[in-house]
Amino acid sequence: MALVVAAGGIGALAALAVRSAGLAIQSLSFASAEEPLHVARGLGFPMIVLAPAAGGLASGLVVWYLRRGKAAGGEGTSEIMEAVSLKGTA
């Protein structure tokens, strides 16, 4: 039971950390600490397009940096389905 409570507490702390980090990035990027929906409603057309594109670029660069030097691919859905059909197990 203690392990369940500890896991729940760690999960809650991680969720709070992610939320706080997101609000900090929003505050730095848009000079506003309001709720994200209120900030988005106040943006002009170019920022509505550029902000998500910049976020996608940033996350893509993080994934690219972390996957550097590793073989592309891995066990995707098609590889798992093939393994199950050929061997009966993944």
Side-chain angles (χ1 to χ4, degrees):
M1 185 65 167
L3 185 59
V4 171
V5 172
I10 290 170
L13 289 175
L16 287 173
V18 168
R19 169 106 170 125
S20 296
L23 289 175
I25 291 171
Q26 172 188 316
S27 180
L28 291 172
S29 300
F30 302 113
S32 175
E34 293 182 49
E35 286 296 315
L37 186 57
H38 294 292
V39 174
R41 285 185 177 149
L43 295 177
F45 175 73
M47 286 303 290
I48 290 174
V49 174
L50 294 177
L57 177 64
S59 63
L61 289 173
V62 167
V63 169
W64 174 78
Y65 179 76
L66 293 176
R67 297 273 311 161
R68 237 177 359 147
K70 296 180 182 170
E75 288 193 4
T77 304
S78 59
E79 287 86 5
I80 292 172
M81 290 174 64
E82 181 180 6
V84 169
S85 67
L86 293 177
K87 301 177 192 172
T89 181

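As the structure is a computational prediction, the values presented were derived from the model and not from experiment.
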**Prompt:** If you take all heavy atoms of Q26 and E34, which pair is closest and at what distance?
**Reply:** NE2-O, 2.6 Å
Distance-only donor-acceptor hits, side chain of residues 4-20, under 3.5 Å, sequence neighbours excluded:
from : atom 1 : to  : atom 2 : distance (Å)
R19  : NH2    : E35 : OE1    : 3.3
R19  : NH2    : E35 : OE2    : 3.2
S20  : OG     : L16 : O      : 2.9

**Message:** Please list all pairs meeting salt bridge (Lys or Arg N to Asp or Glu O under 4.0 Å) that have one or both residues in residues 3-14, counting only residues at least two apart or in different chains.
**Reply:** none
**Message:** Through direct or indirect side-chain contacts below 4.5 angstrom among Ile, Leu, Val, Met, Phe, Trp and Tyr, which residues connect to F30?
**Reply:** V39, L43, M47, I48
**Prompt:** Heavy atoms, side chains only, cut-off 4.5 Å: are M81 and V84 in contact?
**Reply:** no
**Request:** Could you tell me which residues satisfy salt bridge (charged side-chain N to carboxylate O under 4.0 Å, His left out) with R41, sequence neighbours excluded, listed by chain and number?
**Result:** none
Between side-chain atoms of residues 53-62 and protein atoms elsewhere (two or more places apart, or another chain), which donor-acceptor pairs fall under 3.5 Å?
from : atom 1 : to  : atom 2 : distance (Å)
S59  : OG     : G55 : O      : 3.2
S59  : OG     : G56 : O      : 3.0

**Message:** By the salt bridge (Lys or Arg N to Asp or Glu O under 4.0 Å) test, which pairs, at least two apart or in different chains, include something from residues 3-16?
**Reply:** none
